[in-house]
Amino acid sequence: MYILGLESSCDETSAAIVEMAHGERRILANIIASQIDIHRLYGGVVPEIAGRAHIEAVSRITREALDVAKLQLSDIGLCAVTARPGLIGALLVGVNFGKSLAFANNIPLVGVDHVRGHIAAAYLEYPDLKPPFLGVVLSGGHTSFYVVKSYTEFEEIGSTRDDAAGEAFDKIGRVIGLPYPGGATLDRLAHEGNKKAYKLPSPALAGDTLDFSFSGLKTAALNLINTAAQKGEEIDRADLAASFTGVIADGFYKKLSAALDLTRLDTVVLAGGVSANSHLRAVASAVCEKKKARLCLPPLSLCGDNAAMIAAQGYYEYQNGAKDGTDLNASAV
Ligand code: KG4
Ligand code: ZN
């Protein structure tokens, strides 16, 4: 079955065509129109501008996806569109476009949860991967551990109590003058610094919990930067990047180990934009090697927001009986 995936939850408009059949998963097209250059001017995503930019891009990139896949709309067996969570004005563009396209062309429609979509990116890379497994979503909006019980059943067993990991990386990146979004640049910079240079609090909450809190870490890093500025001292950006990344990596090591001990699952799937982070990928490899668990890492091209992952999850939702009508709505949460 050919599935058309549509994604517009934040600052990437994406249209993809994925072929899913028994054991077969093929990405025929995964077109991504990024708005990063537009939002960079403001140091973060401006929701109103995001919605408008999605409107301008969505038809063109859907056409492009069909052309790249060398398919017609009549070949598409399912339209899967991100319906939640995300920026409401941004989501509404994809949802309304998907609804119109599906109903005008008699294609079944299914609304997909973006976070589930991130996890489904792993099925595209590892065709033999099957639930149950431990799903770890690290993104600009989410930081959560899930027991993925089946393709469509998820139990959240830990999460951040405030900011997401990506938000924290982007915030510190911005304060030390890196272009938005700072995550990927901070990742590279951290390799050049000394992680012991600055003392920062761990984002892993103490005690018998798999939860994180990034706000204390963020505030501590901001105070350090401001205090240095007041004294007229220079912060070493590489050392700060390394120290900041270091406490996140150490906290992640602890919580991932604890999550595997608790669940006794033997497979870990890392997902979301922040799963591209080289330090966190290394931590996941080390934990999985120690615990003798299989680690499924999506390729970098499928870590960030893309519609191929939405198509993949849409396929499983549809197999499970989900089907949406013209009343499909978007939800911010
Ligand atoms: O999953 P995603 O594309 O969008 C959301 O669903 O939020 O994640 C975007 C986030 C941004 O915060 C970005 O800075 C971060 O992923 N990111 C990284 C890296 N690459 C992207 N964070 C840390 N290290 C990276 N290498
Ligand atoms: Zn995302």
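In listed order, ligands and their atoms are each counted from 1.
A distance of 6.0 Å or more separates the ring centres of Y123 and Y315.
When atom types are taken as modelled, the side chain of K291 and the backbone of D266 share no donor-acceptor pair closer than 3.5 angstrom. Judged by distance alone, the side chain of S8 and the main-chain N or O of G94 form a donor-acceptor pair under 3.5 Å. Panel note: side chain D113, backbone V115; a donor-acceptor pair is recorded below 3.5 Å.
Other residues, nucleotides and ligands contribute only 12 or fewer heavy atoms inside 6.0 Å of the CD atom of E234. Remark: E233 CD is packed, more than 12 non-hydrogen atoms of other residues, nucleotides or ligands lying under 6.0 Å away. Atom CG of D208 sits in a sparse spot, with 12 or fewer heavy atoms from other residues, nucleotides or ligands closer than 6.0 Å. Residue-environment remark: CZ (R281) exceeds the threshold of 12 foreign heavy atoms within 6.0 Å.
Nearest N, O or S atom of H114 to the Zn ion (ligand 2): atom NE2. Among heteroatoms of the N, O or S kind in D305, OD1 lies nearest the Zn ion (ligand 2).
Ranking the protein heavy atoms by distance from atom 24 (N) of ligand 1 puts N277 ND2, 2.9 Å first. Considering only non-hydrogen protein atoms, atom 11 (C) of ligand 1 sits nearest to D170 OD2, 3.4 Å.
Listed by atom number, the atoms of ligand 1 under 4.0 Å from P181 heavy atoms are 14 (O). If you number the atoms of ligand 1 from 1 as listed, the ones under 4.0 Å from a heavy atom of G304 come out as 3 (O). Near G183, the atoms of ligand 1 lying under 4.0 angstrom from a non-hydrogen atom of the residue are 14 (O), 18 (C), 19 (C), 22 (N), 23 (C), 24 (N), 25 (C). Every atom of ligand 1 is numbered from 1 in the order shown, and the set under 4.0 Å from a heavy atom of G140 is 5 (C), 7 (O), 8 (O), 9 (C), 10 (C), 12 (O). Listed by atom number, the atoms of ligand 1 under 4.0 Å from G166 heavy atoms are 12 (O). Counting the atoms of ligand 1 from 1 in the order shown, those under 4.0 Å from a heavy atom of G141 are 7 (O).
Here atom 16 (O) of ligand 1 lies nearest to G273 when heavy atoms of A184, A121, G273 are compared.
Counting heavy atoms closer than 4.0 Å to ligand 1, residue D305 contributes atoms from both its backbone and its side chain. Contacts with ligand 1 closer than 4.0 Å are made by heavy atoms of both the backbone and the side chain of V274. If you look at H118 next to ligand 1, the close heavy atoms, those under 4.0 Å, all belong to the side chain.
In summary, E48 and R52 engage in a salt bridge, as defined by a charged side-chain N under 4.0 Å from a carboxylate O. Salt-bridge formation is not detected for the pair K171/D163: no Lys NZ or Arg NE/NH1/NH2 atom is positioned less than 4.0 Å from an Asp or Glu carboxylate oxygen.
Residue contacts to the Zn ion (ligand 2): H142 brings no N, O or S atom closer than 2.8 Å. Among the atoms of C10, no N, O or S atom is found under 2.8 Å from the Zn ion (ligand 2).
Relative orientation of the H118 and H114 rings is perpendicular, given thresholds of 30° and 60° on the angle between their planes.
For ligand 1, the polar-atom distance check finds an N/O of D187 within less than 3.5 Å of one of the ligand's N/O atoms.
Under a 4.0 Å heavy-atom criterion, H114 is in contact with ligand 1.
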